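Computation of the quantities below employed the complete heavy-atom set of this structure, encompassing side-chain atoms and omitting hydrogens, waters and symmetry-equivalent molecules. Note that the structure is a prediction, hence the values are computed from the model and not measured.
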Amino acid sequence: MELFKSSRTVKSDNEASEKGIDLFKNLSGLGIVVIDDNDIILKANKVFTKMFSEVDAIGLAWEKFLQCNFKKERANKSMPQIFKYKNDIHSDFIMQTSMDRETGYRYCWVYKINSQLLNNIAQNRTMLMESKKFDVFNYLEDSIYKKSIRWENSSLKLLETTYADEAYLYSSNKDARRLIDDYVELVYSVINLKDIKSHANLVLKREGQSLLISARIEDFNFQLSDFQTRLKWNGASLKLSEICHEIEHRLEELYVSVTLKNRKENDKSSLFIELNVADVDGVQWHKADNKVSDV
């Protein structure tokens with residue numbers, strides 16, 4: 001077992017840590033510190049030294065440096081990389097460490113963000129989501145009623161939701177109405193696909209970042225070949241597979257999927273037509289005009 005490193009090894013380790021510091025020294029606002037395999041702070045760049053000018057960090061144990069100078073906020077308890085510095089309560093510090101496999105040394109990147117900036121981001125996100133909140137439940141009721149007049153079999157019923165916040169879709173009103181109308185038209189088309197008197201119950205609920213609307217058509221045996229059957233849909237004659245594709249791809253801001261599944265309950269086959277809308281991601285992200293070189 002090697003107890004002491006040779007002078008050549010120590011020199012090469014120091015050169016490696018110098019290169020690690022030099023590599024990032026021109027990144028403004030990014031503090032970097034090198035920690036050896038004994039948890040001792042060896043080196044720091046100028047940004048790190050300026051961030052924590054009240055503390056002489058070189059030579060201290062990294063764990064002791066953290067414990068003496070940083071605290072966690074209750075609100076950020078679940079985010080282990082965000083800290084508060086005792087001498088700067090108006091900022092948040094994000095820390096990320098990475099190990100150099102050759103030397104066993106760790107590099108810690110420290111980035112300082114004004115707390116008010118984070119608060120503004122959170123408030124802007126909340127305001128955006130509230131502005132995009134669409135009452136799906138009531139619009140579904142209206143759409144089901146309006147479209148029922150044109151169909152021979154119009155046995156489609158919307159069941160009550162358990163929670164009020166499950167009855168919302170986050171989208172522009174125009175896109176939400178179009179999507180709901182298209183889906184209701186699809187369900188009516190399928191109900192009238194076969195010469196049997198089927199009726200359907202429709203439920204909606206939120207699952208994580210998505211809204212799920214599901215229509216259950218009882219006593220209905222759906223065949224794979226039915227995807228190639230032409231149906232009336234929004235005044236056109238399209239294959240069922242084409243209708244599903246159209247619904248999934250016509251709205252750019254929403255991530256939409258349509259699935260049709262047979263399920264057996266009490267020896268009876270039912271068809272489930274499910275519309276899954278990843279609306280939260282659709283609202284929060286947009287196609288940026290910037291190029292990578294602009295970032």
Side-chain angles (χ1 to χ4, degrees), residues 134 136-137 139-159 161 169-282 287:
F134 181 80
V136 158
F137 188 86
Y139 190 79
L140 261 172
E141 280 190 321
D142 292 342
S143 183
I144 289 170
Y145 173 73
K146 289 175 183 176
K147 290 181 177 292
S148 67
I149 301 169
R150 296 188 289 104
W151 291 97
E152 182 179 341
N153 184 357
S154 58
S155 301
L156 177 57
K157 180 182 179 183
L158 176 61
L159 302 182
T161 57
L169 175 66
Y170 295 101
S171 170
S172 69
N173 286 359
K174 180 182 177 182
D175 284 352
R177 289 190 180 98
R178 186 176 186 183
L179 181 64
I180 297 306
D181 285 339
D182 285 349
Y183 173 72
V184 171
E185 185 81 358
L186 167 64
V187 176
Y188 274 130
S189 296
V190 175
I191 292 175
N192 288 269
L193 174 63
K194 303 192 177 185
D195 294 327
I196 54 175
K197 192 67 176 176
S198 298
H199 69 274
N201 291 325
L202 197 150
V203 296
L204 62 110
K205 63 179 178 178
R206 294 206 63 85
E207 290 186 345
Q209 304 287 300
S210 301
L211 175 74
L212 178 66
I213 307 177
S214 179
R216 177 191 175 193
I217 308 176
E218 298 178 353
D219 300 327
F220 194 102
N221 188 22
F222 185 79
Q223 305 293 327
L224 195 59
S225 58
D226 290 332
F227 276 114
Q228 302 307 312
T229 304
R230 287 192 170 273
L231 304 174
K232 288 191 300 180
W233 184 73
N234 288 337
S237 175
L238 296 172
K239 292 179 182 178
L240 177 55
S241 59
E242 293 172 338
I243 296 172
C244 294
H245 183 272
E246 182 74 13
I247 294 174
E248 289 178 337
H249 293 91
R250 70 193 306 178
L251 299 178
E252 285 189 3
E253 239 193 25
L254 297 175
Y255 305 111
V256 179
S257 65
V258 180
T259 57
L260 287 83
K261 304 175 184 176
N262 277 327
R263 291 179 193 158
K264 274 201 170 184
E265 296 176 353
N266 301 322
D267 294 326
K268 290 184 178 181
S269 182
S270 297
L271 174 65
F272 288 80
I273 305 175
E274 295 181 347
L275 177 75
N276 191 296
V277 189
D279 52 350
V280 173
D281 286 341
K287 292 184 179 179

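- A donor-acceptor pair shorter than 3.5 Å cannot be found between the side chains of Ser171 and Asp279.
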- prompt: Passes side-chain contact (heavy atoms from CB on, under 4.5 Å), Leu240 versus Leu260? Steps please.
  reply: CA-CA 10 Å; Leu240 177 55; Leu260 287 83; 4.0 Å; yes
task: Mind running side-chain contact (heavy atoms from CB on, under 4.5 Å) on Asp226 and Lys194 for me, showing each step along the way?
output: CA-CA 10 Å; Asp226 290 332; Lys194 303 192 177 185; 3.3 Å; yes
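- Contact of the Phe220 side chain with the Ile191 side chain is not registered, since no non-hydrogen atoms from C-beta on lie closer than 4.5 Å.
- Distance check, rounded to the nearest 0.5 Å: OG of Ser214 to NZ of Lys261 gives 8.5 Å.
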- prompt: Is there a side-chain contact (heavy atoms from CB on, under 4.5 Å) between Ile144 and Tyr188 once you walk through the steps?
  reply: CA-CA 9 Å; Ile144 289 170; Tyr188 274 130; 3.3 Å; yes
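- Atom NZ of residue Lys264 and atom OG of residue Ser269 lie 6.5 Å apart, to the nearest 0.5 angstrom.
- In terms of the side chain to side chain contact (heavy atoms under 4.5 Å, CB included) criterion, residue partners of Asp182 (sequence neighbours excluded) are, by chain and number, Arg178, Trp233, Asn234, Ile247, Arg250.
- No donor-acceptor pair under 3.5 Å is formed between the side chain of Arg263 and the backbone N or O of Ser270.
- In this structure Tyr139 satisfies the ring pair (Phe, Tyr, Trp, His ring centres under 6.0 Å) test together with Phe134, sequence neighbours excluded.
- Atom CG of Leu271 sits about 12.0 Å away from atom CG of Asp219, to the nearest 0.5 Å.
- For the pair Tyr255/Val277, no side-chain contact is recorded, criterion being any heavy-atom separation below 4.5 Å from C-beta on.
- Rounding to the nearest 0.5 Å places CG of Leu231 at 8.0 Å from CG of Leu186.
- Here CH2 of Trp151 is found 9.0 Å from NZ of Lys147. Values are rounded to the nearest 0.5 Å.
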- prompt: Step by step, would you call Ser143 with Asp181 a side chain to side chain donor-acceptor pair (under 3.5 Å)?
  reply: CA-CA 6 Å; Ser143 183; Asp181 285 339; 2.8 Å; yes
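- Side chain of Glu242 to main chain of Lys239: a donor-acceptor pair is present (N/O by atom type, distance under 3.5 Å, no hydrogens or angles).
- Under the rule for a side-chain hydrogen bond (donor to acceptor under 3.5 Å, both in side chains), the partners of Asn153 that lie at least two apart in sequence or sit in another chain are Ser155.
- For the pair Lys232 and Ser237, the minimum side-chain heavy-atom distance is 4.5 Å or more.
- The distance from the CD1 atom of Ile180 to the CG atom of Leu169 is 6.0 Å, given to the nearest 0.5 Å.
- With respect to Arg216 and Glu274, no salt bridge is recorded, no charged nitrogen being found less than 4.0 Å from a carboxylate O.
- Taking 4.5 Å as the limit, every side-chain heavy atom of Thr259 sits out of range of all side-chain heavy atoms of Asn276.
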task: Evaluate side-chain contact (heavy atoms from CB on, under 4.5 Å) for Leu212 paired with Leu204, printing each intermediate quantity in order.
output: CA-CA 6 Å; Leu212 178 66; Leu204 62 110; over 6 Å; no
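- Side-chain contact between Leu179 and Val256: present, with at least one pair of heavy atoms (C-beta onward) separated by less than 4.5 Å.
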message: For a salt bridge (Lys or Arg N to Asp or Glu O under 4.0 Å) check, start with the C-alpha distance between Arg150 and Glu185, then their side-chain angles and the critical distance, and finish with the verdict.
response: CA-CA 10 Å; Arg150 296 188 289 104; Glu185 185 81 358; 3.0 Å; yes
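- Heavy atoms from other residues, nucleotides or ligands lying under 6.0 Å from CD1 of Ile149 number more than 12.
- Listed by chain and residue number, Phe222 satisfy the ring pair (Phe, Tyr, Trp, His ring centres under 6.0 Å) test with Phe227 (two or more places apart in sequence, or in another chain).
- Listed by chain and number, the residues in a side-chain hydrogen bond (donor to acceptor under 3.5 Å, both in side chains) with Glu207 are Lys205 (sequence neighbours excluded).
- Residues satisfying the ring pair (Phe, Tyr, Trp, His ring centres under 6.0 Å) criterion with His245, sequence neighbours excluded, are His249.
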